[in-house]
Amino acid sequence: MIVAGVDVGSISTKVAVLTPEKITYKMAPTGWSPRETGLATYQGLLQELGHSEDDVDFVVGTGYGRISLPFVSKAITEITCHARGAAHLVNDSTMVIDIGGQDSKIIKIDQKGKVLDFVMNDKCAAGTGRFLQMIAAALGLDVAELSELSRGKTPLTLNSMCAVFAESEVIGLLAAGRDKGEIVAGLHQSIARRIASMAQRMGKAARITFTGGVARNEGLCSCLREVLGAEIIVPAECQLAGALGAALLARDYLS
Amino acid sequence: MADYRQMWTDLEMDLEKHDLLCEALPDAFGGIYLSQENRPQGMDFFDFVVAEIHGVRPAELIEHQQKGGKVFGTFCVYVPDEVIFAAGAISTGLCGGSQFWVPGGEKVLPTNTCPLIKASVGARLDKTCPFFRIADMYVGETTCDGKKKAWEILASDVPMHIIDIPQMKRAKDIDGFAEEIKEFIKVVEDFTGNKVTAQVLGESIKLINNKRKALQRLYATRKAALVPISGKDALLVTQIAFYDDPTRNAQMVNKLCDELEERIARKDGVFPENAKRILITGTPMAIPNWKLHHIVETAGAVVVVEELCTGTRYFENLVDESATTLDAQVRALAERYMKTNCACFTPNPGRIDDIIRLVRDYKADGVIDYNLQFCGLYSTESYLIKQALDAQGIPLLHIETDYSEQDFEQLRTRVEAFLEMLGK
């Protein structure tokens, strides 16, 4: 049995293919056409594996682009898929924090990765991957550099959680000659606080799985660890949890 | 819509702007309503009313005025319509449910005002709502800070009476509300020139109770395992009840119920029996705000009950009809209206009890707590509702939104995820 999960996010597209032997992944920037990127990434991975689309028994599509994928057998929301994927990657975790390109979500899960409750941020870029991208751009940096730059720095207090206002605030701080590392440390702290206030609405969790591209930012992880007072686990496949969950749900669906 | 241009011109409406609204409505209504399958025939009347929403009922109101009658425009389920009808006047709802009117309201109100108030003020100031143009008097109330200040802006060219709604439900608050109703009777008598006697008030109480009973009967059909009417359609019926003539409204709703009860008997539902059943609670949904119902029902679930002002809060309790003196009738009215549980009261445990009771009665699988943006009262009360429903093991999804379409897909994702969560 071969199944696949295709997670078309606002920034990147992730595909997972499950064969009886192994799990393989492929990632690509989504670009302007979720539909074409979704298909191309899916076909690309199958080709690398020496399979054709006909060999695949079931495909689950997820992510904001899930509705535009004509080749999927079933569309399932990213909340359900992330929960399933995260539970597969990390044992004994009762909560998933996923910070994606255009939203962040906190999901309470059971052992099997079933969703018990969830919250998402409201109509706002604050606390998302896009927010970090914007601020990094204002600082003339790449998002990948943020974590390193903030290491060991005392966070400056940032008051604005609105992406647009925070950008002006950051520019103001730069103009005032403040240290970039301190600004970035402050940025991580403010995002961590926002995420923590959402997470605390879901109740306590001792072991939290952190997924999404933003989870690669170690500076933010340590802020979250501190603010939430919980163990924060970032699986190596943190960006692939949605695609993996989609593929696992495809397998569940068939069996 | 038939040609009402002369009437709108006479009402000094902004025809050019209003045309834009008239052009948009058929598409919106068609896409959301007429696309539904196996709709009850009894919905034809309500479809007609919506299609002619700014024409047919306004024309009746004007006819009433030409005969010397008065029209009162109201905004809230705490305004005792009984008093207005007892004085031979007509009470009607006003506009406030569309993004179309919001920019007009934002010209004078702070941006962080709820869309319902912004749209109402915008509809009034932009002269794009015939009901606002027709009403001889507006009746406001003190159910939130935004409204209290908005009345001062709306009062500039039409007489406005404000009913002081208590903020608590102690015995002295109910006494105080009875005094408010007495004062309102005096205002209505002076304005219409008609006396409100025990005789006419008694008849009026029966009139409005009959409308409520019809809506209760409609909602009862939604308890069936195979729901005979969609949530969208039921919501529309309730929304129209705020505008329509109460006698005709009760007749048309009862006629619809005859058909729905037959449908239940022959097990003809509009959703499959395994469709997830959703209760929606929260802030009011004024016409044409059908956004959340549309998202829920196109995701395969069915809305079975609304604990909203445009829902059970509007008709659940009846006024005691046994009173024969004016004082006793006023008392009965005060007691009835103070049974309604709005987040403007503190504390407000009755609303939580209502939600839990309705979940059981309607066999809801989950609750969606719907908040219009910037409604501090309802969004704060959400915390207490979440705690209470968690304790009962009732799944809850909190949603905050406005009238715009921009968050449609985000909401859809949340609703679908919620349904997926209920499904396993």
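Each chain gets a letter, A, B and so on, in the order the sequences are listed, and its residues count up from 1.
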Using non-hydrogen atoms and a 4.5 Å limit, figure out which bit of [X] sits close to chain A: side chain, backbone, both or neither.
| X | answer |
| --- | --- |
| B:Glu409 | side chain |
| B:Leu397 | side chain |
| B:Phe418 | both |

Practice task
Answer whether the closest heavy-atom distance between the side chains of B:Thr310 and B:Ile287 falls below 4.5 Å.
Solution key: no
Problem - Engaged part of A:Ile107 at the chain B interface, taking heavy atoms whose separation is under 4.5 Å - result: neither
Practice task
Quick one: do A:Thr128 and A:Ser104 satisfy side-chain hydrogen bond (donor to acceptor under 3.5 Å, both in side chains)? Show the steps, please.
Solution key: CA-CA 6 Å; A:Thr128 67; A:Ser104 43; over 6 Å; no
Problem - Polar side-chain atom of B:Lys232 near backbone of B:Tyr33 as donor-acceptor pair, under 3.5 Å - result: no
Exercise for the section: First locate atom CD1 of B:Ile368, then atom CZ of B:Arg414, and finally report the distance between them rounded to the nearest 0.5 Å. Expected result: 11.5 Å
